[in-house]
Amino acid sequence: MAGTKMLKLPEVLEEIEMSRAAFYRMRARGKAPKLIKLPNGQLRCRRSDLDKWWSSMEDAA
């Protein structure tokens with residue numbers, strides 16, 4: 001995992017310009033980027049996973 005850019009949830013929300021509530025609704029439907037839950041309960045998203053999600057959104061449009 002060394003060298004892998006991990007984004008905090010607020011960073012992801014800022015980039016995709018979405019509220020936390022809207023993000024969690026999207027996540028409940030299985031449409032959100034893949035997240036990793038750390039042992040302390042915090043959520044992280046790999047930069048590569050967010051980029052893949054962006055690509056899938058372009059394909060869907």
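What you see is a predicted model, and the numbers here were worked out from it, not measured in a lab.
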Could you check whether any side-chain heavy atom of [X] comes within less than 4.5 Å of a side-chain heavy atom of [Y], counting everything from C-beta outward?
X	Y	value
Trp53	Val12	no
Arg46	Lys5	no
Ile36	Met6	yes
Met26	Met18	yes
Leu50	Ile16	yes

What distance do Cys45 atom SG and Glu11 atom CD have between them, rounded to the nearest 0.5 Å?
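Going from SG on Cys45 over to CD on Glu11, the span is 10.0 Å.
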If I take atom CG from residue Leu7 and atom CZ from residue Arg44, how far apart are they, to the nearest 0.5 angstrom?
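Interatomic distance, Leu7 CG to Arg44 CZ, rounded to 0.5 Å: 9.5 Å.
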Quick one: list whatever passes side chain to side chain donor-acceptor pair (under 3.5 Å) with Glu15, sequence neighbours left out.
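Glu15 satisfies side chain to side chain donor-acceptor pair (under 3.5 Å) with Arg47, Trp54 once adjacent residues are dropped.
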Give a yes or no answer on whether the side chain of Glu17 reaches the backbone of Glu14 with a donor-acceptor pair at less than 3.5 Å.
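It does not hold such a pair.
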Please determine whether side chain to side chain contact (heavy atoms under 4.5 Å, CB included) holds for the pair Leu43 and Arg27, giving the CA-CA distance in whole Å, both sets of side-chain angles, and the decisive distance to 0.1 Å.
CA-CA 13 Å; Leu43 297 172; Arg27 187 172 182 224; 4.1 Å; yes
